[in-house]
Amino acid sequence: MPIPVWLATTLGISGVLLAKVDYNMVLMKFFRNLSRSKARARLHDNKYAIIPVMLGLEKPHKIQDDIDAENALTITREELEEMDGWDGAPLYLSIRGRVYDVSAGDKFYGEGKEYHD
């Protein structure tokens with residue numbers, strides 16, 4: 001059973017053969033967007049949040065952690081290598097560009113421990 005063209009364009013489906021649509025993916029995308037719009041409406045007090053989400057026009061909101069990270073001190077790779085927990089230096093861990101102070105967890109992150117590289 002082919003999907004109606006108006007529904008396909010609303011959900012962002014394109015292509016020549018609309019008859020070969022994976023309905024499971026279409027419905028998952030629809031309900032994901034619906035839940036995202038409800039969350040945005042609650043968090044940002046925007047009762048019309050469903051419109052940009054369903055049309056794919058939404059812009060990402062920066063959360064406080066991202067704003068703080070942009071204003072935080074940047075550290076080079078060489079400086080990060082020095083922060084290995086030896087000689088009283090703090091123990092830093094970098095994951096995908098974010099640097100974490102894991103000095104309190106030296107039993108896990110320290111030299112020769114389970115999570116050490």
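Heads up: numbering here begins at 1 and tracks the sequence.
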Legend entry - Which residues share a side chain to side chain donor-acceptor pair (under 3.5 Å) with R77, sequence neighbours left out: none

Inset, instruction - Taking atom CE of M28 as the centre, report whether more than 12 heavy atoms of other residues, nucleotides or ligands fall under 6.0 Å from it. - result: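 Yes.
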
Legend entry - CE on M83 to CD on E79, rounded to 0.5 Å: 6.5 Å

Got a list of side-chain donor-acceptor pairs under 3.5 Å for residues 93-105, not counting sequence neighbours?
from : atom 1 : to   : atom 2 : distance (Å)
R98  : NH2    : D66  : OD1    : 2.5
D101 : OD1    : S103 : N      : 3.1
D101 : OD1    : S103 : OG     : 2.6
S103 : OG     : L91  : N      : 2.9

